[in-house]
Every structure is written in structure tokens, then in C-alpha cells.
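Comments concern the structure below.
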Amino acid sequence: MDMDGRTYKDRVLSVARQIHLPSQVICQTGEMMERLPANVLEPSVCGLTDRVRWRESYAQLKTLMEPYKDKDGMGMLACMLWAASWSWERYKAAGIPESVFIDTMKCFTRFVHEHKASYGYFGFDRDFWTGRQLSLNLFRIGTLEYETIEEQGQREISIHIPSDAKLTRENCQSSVKLAEQFFAKYDPEFAGVPYICESWLLSPALKKLLPADAHIIRFQEMFSIHHVNWEDTSFMGWVYKCPDMPLEELPEHTSLQRHMKAYLLEGGCVGEAAGRLKNF
């Protein structure tokens with residue numbers, strides 16, 4: 001039991017309800033919690049909230065979880081939600097609003113729904129990514145996400161696009177402005193640093209597949225593109241929800257899916273691109 005009187009199960013369920021996880025997922029994580037040794041896992045779980053050590057703690061946790069049959073990832077999800085309860089303590093200490101915490105941690109809800117869309121059942125397979133949210137390196141602010149990055153003394157903020165983002169120009173500009181205010185107030189070391197983005201959504205190929213006034217194209221116009229990786233295939237998972245499906249069998253439910261499928265069958269490449277946010 002923690003110092004505040006709550007068991008780790010209480011902490012997990014509290015976060016699960018805050019972020020509106022599906023009831024079936026809450027039941028599945030509850031079943032896994034009955035099997036997991038909280039006292040053994042706790043140091044690594046708490047380490048996920050450390051801004052510097054989270055990757056090391058994640059590797060330790062993966063090793064500790066190996067003896068448990070966690071094929072759907074619900075045990076790891078329980079650990080991540082437990083860590084999120086400690087992240088909330090750090091949010092409160094920093095004065096960051098609860099609304100930002102909930103919007104950020106809803107990544108877990110989004111990810112289990114995305115897993116179901118891809119495979120037909122609830123699961124969690126993004127544990128390699130969510131240490132960023134848990135360690136207060138990544139925040140959802142408005143329609144976009146922002147990750148603080150520091151390498152060799154150079155600071156940048158990387159923009160990520162959640163699958164439920166509404167990419168209208170107004171939403172994106174509002175999000176960026178709110179992010180600038182957020183970092184100026186809560187993390188001044190990242191005030192005024194460059195904003196970058198690397199995504200399939202910035203691929204120049206999309207200009208051949210979408211009208212000029214499409215939200216994605218308008219989003220691209222916010223960036224100065226400096227690199228294109230034509231070999232990257234991550235777009236397949238985002239556009240088609242089934243990254244390994246043969247091209248001939250790709251679904252055609254949306255105009256983007258139809259146009260992209262035809263383009264790929266003709267030998268076209270989509271890839272991804274990297275760019276820097278322009279001033280606006």
C-alpha cells in the first residue's frame with residue numbers, strides 16, 4: 001500500500017476511469033493485476049516517470065514481465081497506468097492542469113482502440129512509446145502532441161499527430177500557440193525552441209493524392225520540409241490499419257485509401273518527411 005493509503009490496484013483503476021478506458025479493458029487489466037508482483041515491479045514502474053531514466057526503467061520492466069503470459073499487453077498496460085498515477089503526482093507538483101494530464105494519458109485509450117481496429121480485439125502494443133507521456137516529456141495540448149527533445153545540448157520540440165487529431169488550420173494554429181504558452185510557463189528551458197515534425201503526413205507524395213485544400217495538405221504548409229525518407233512504410237498502419245496486407249487487398253473505404261492504393265499499385269512511394277514549423 002502506498003503512503004497515501006491506496007494500493008497499486010486502486011491507482012490503476014483510478015487512472016483507467018479518468019481516461020475512459022473501455023470496461024472490457026479495465027476487466028482485462030484487473031485480471032492481470034492479480035498475477036503481477038507489485039513489490040518487484042514498483043521500482044521500474046516508478047522509474048518510467050523519470051525524465052532521464054525512463055528508457056532504462058522500461059527495459060528493466062520488460063525483462064521483469066517476461067515470465068508472465070502477457071500476450072495482449074494488458075499486464076504492461078496495468079504497469080503503465082500505475083506509472084501514470086505517479087506521473088499525476090508530478091503534474092500536481094508542477095502545477096500543470098488536470099485537463100492536460102487526462103488529454104495526454106488518453107493515449108492509452110486511443111492505443112487500445114487502434115489495436116482493436118487493426119486486429120479485431122483489444123490489446124496494448126505501444127509500451128515502447130508511452131514512457132514519453134509518463135515521464136512528462138510529451139504532452140497533448142489541443143489537437144496535437146508535443147515532445148521535448150534535448151540532444152548534444154540542442155533543444156527542440158517534436159510535434160506528433162494523434163490519430164484522432166482534427167487537422168484544421170485553426171485547430172493546429174491554436175494548438176501551437178497554446179503549446180508555446182504551456183512551455184513558457186511550465187518548462188521555460190523549452191520556451192522559444194524550434195518546433196519540428198517527422199511524419200508520413202508531411203510526405204510530398206500526398207500532394208498527388210489529395211486536393212490542395214485538404215486538411216493534411218494545409219497542415220504540410222505549416223512546415224519547411226528538409227528531408228524525405230521514401231523507404232519508410234509506417235503510413236500503412238495509419239492509413240490502412242493493417243501494415244502487412246498485400247497491396248491488392250488494401251481497403252478502399254476512404255478517398256485517401258483509394259487514391260493511395262492505386263498510386264502504390266503503380267509503383268509509387270509515400271514514405272515520410274521531416275520539417276520545421278514556420279512562423280505564422
Are the side chain of S174 and the backbone of N171 linked by a donor-acceptor contact shorter than 3.5 Å? no
Please confirm whether the backbone N or O of M74 pairs with a side-chain atom of T29, one donor and one acceptor, at under 3.5 Å? no
Per-pair distances, 0.1 Å, donor-acceptor, side chain in residues 180-196, under 3.5 Å, sequence neighbours excluded:
unit_1, atom_1, unit_2, atom_2, d
Y186, OH, G95, O, 3.4
D187, OD2, R51, NH1, 2.9
D187, OD2, R51, NH2, 2.7

Looking at residues at least two apart in the chain, or sitting in another chain, which of them share a side chain to side chain donor-acceptor pair (under 3.5 Å) with K261? E252
So does V176 get a backbone contact from the side chain of Y146, meaning a donor-acceptor N/O pair under 3.5 Å? yes
Donor-acceptor contact below 3.5 Å, side chain Q257 vs main chain H253: yes
Can you tell me how far the OG atom of S44 sits from the CG atom of L64, to the nearest 0.5 Å? 5.0 Å
So does R169 have more than 12 non-hydrogen atoms from other groups sitting under 6.0 Å from CZ? yes
Check: I19 main-chain N/O paired with T109 side-chain donor or acceptor under 3.5 Å: yes
Kindly indicate, with the supporting measurements, whether the criterion side chain to side chain contact (heavy atoms under 4.5 Å, CB included) is fulfilled by M65 and L36. CA-CA 8 Å; M65 288 290 291; L36 299 179; 3.9 Å; yes
The complete set of salt bridge (charged side-chain N to carboxylate O under 4.0 Å, His left out) pairs with one or both residues in residues 27-36, sequence neighbours excluded, reads K9-E34
Please tell me whether F128 and V45 are part of a single hydrophobic cluster in this structure, the criterion being side-chain heavy atoms less than 4.5 Å apart. yes
All ring pair (Phe, Tyr, Trp, His ring centres under 6.0 Å) counterparts of H113, not counting sequence neighbours: F122
CA sep, side-chain torsions, deciding dist, call: K278, E221, salt bridge (Lys or Arg N to Asp or Glu O under 4.0 Å): CA-CA 9 Å; K278 302 174 184 176; E221 292 171 351; over 6 Å; no
Side chain to side chain contact (heavy atoms under 4.5 Å, CB included), that's the test. Do L264 and L250 meet it? Break it down for me. CA-CA 10 Å; L264 294 171; L250 292 175; 4.3 Å; yes
Under the side chain to side chain contact (heavy atoms under 4.5 Å, CB included) rule, what do E89 and S85 come out as? Steps first, then yes or no, please. CA-CA 7 Å; E89 301 298 331; S85 73; over 6 Å; no
Treating S203 as the side-chain partner and S199 as the backbone partner, does any N or O pair qualify as donor plus acceptor under 3.5 Å? no
Where L134 and S87 come nearest, the two heavy atoms and their spacing: O-OG, 2.6 Å
Let me confirm one number: the CG-OG distance from L144 to S175, rounded to the nearest 0.5 Å. 4.0 Å
Counterpart residues, ring pair (Phe, Tyr, Trp, His ring centres under 6.0 Å), relative to Y240 (two or more places apart): none
For residues 224-233, pull every pair meeting side-chain hydrogen bond (donor to acceptor under 3.5 Å, both in side chains), keeping only residues two or more places apart or in separate chains. D232-S234
Evaluation steps, side-chain hydrogen bond (donor to acceptor under 3.5 Å, both in side chains), between E114 and S163: CA-CA 9 Å; E114 289 172 359; S163 60; 2.2 Å; yes
Quick one: closest heavy-atom pair of P251 and C242, and the distance? CD-SG, 4.2 Å
Is it possible for you to say whether Y121 and F124 belong to one hydrophobic cluster, with membership spreading through side-chain heavy-atom contacts below 4.5 Å? no
Step by step, work out the side-chain hydrogen bond (donor to acceptor under 3.5 Å, both in side chains) result for R140 and T104. CA-CA 5 Å; R140 176 83 181 256; T104 300; over 6 Å; no
Short question: side chain of Q220, backbone of L201 - any donor-acceptor pair under 3.5 Å? yes
Can you name the residues that form a ring pair (Phe, Tyr, Trp, His ring centres under 6.0 Å) with W88, not counting sequence neighbours? F101
Under 3.5 Å donor-acceptor, K207 side chain and A212 backbone: no
Sequence neighbours excluded, which residues qualify as ring pair (Phe, Tyr, Trp, His ring centres under 6.0 Å) partners of Y119? H115
Just verifying a value: how many Å separate M105 CE and L21 CG, rounded to the nearest 0.5 Å? 12.5 Å
Side chain to side chain contact (heavy atoms under 4.5 Å, CB included), that's the test. Do T168 and F219 meet it? Break it down for me. CA-CA 8 Å; T168 66; F219 177 75; over 6 Å; no
Same cluster (ILVMFWY, side-chain, under 4.5 Å), F139 and L277: yes
Closest non-hydrogen atom pair between L202 and A273, with its separation: O-CB, 3.4 Å
Contact summary for C269 and Y263, nearest pair of heavy atoms: O-OH, 2.9 Å
Sidechain-backbone polar pair: T7 side chain, D10 backbone, donor-acceptor under 3.5 Å: yes
Taking a hydrophobic cluster as the set of Ile, Leu, Val, Met, Phe, Trp and Tyr residues connected by side-chain heavy atoms closer than 4.5 Å, whether directly or through intermediates, do V52 and W54 fall within one such cluster? no
Can you list everything that forms a salt bridge (charged side-chain N to carboxylate O under 4.0 Å, His left out) with K208? Sequence neighbours excluded, please. none
Are any of the side-chain nitrogens in E145 or R110 under 4.0 Å away from the carboxylate oxygens of its partner? yes
Side chain to side chain donor-acceptor pair (under 3.5 Å) partners of E147, counting only residues at least two apart: R132, H160
Per the side-chain hydrogen bond (donor to acceptor under 3.5 Å, both in side chains) rule, what does the pair list look like for residues 62-74, sequence neighbours excluded? K62-D127
Residues passing the side chain to side chain contact (heavy atoms under 4.5 Å, CB included) test with S118, sequence neighbours excluded, are K241
Do W200 and I217 share a hydrophobic cluster, counting only Ile, Leu, Val, Met, Phe, Trp and Tyr and linking them when any side-chain heavy atoms are less than 4.5 Å apart? yes
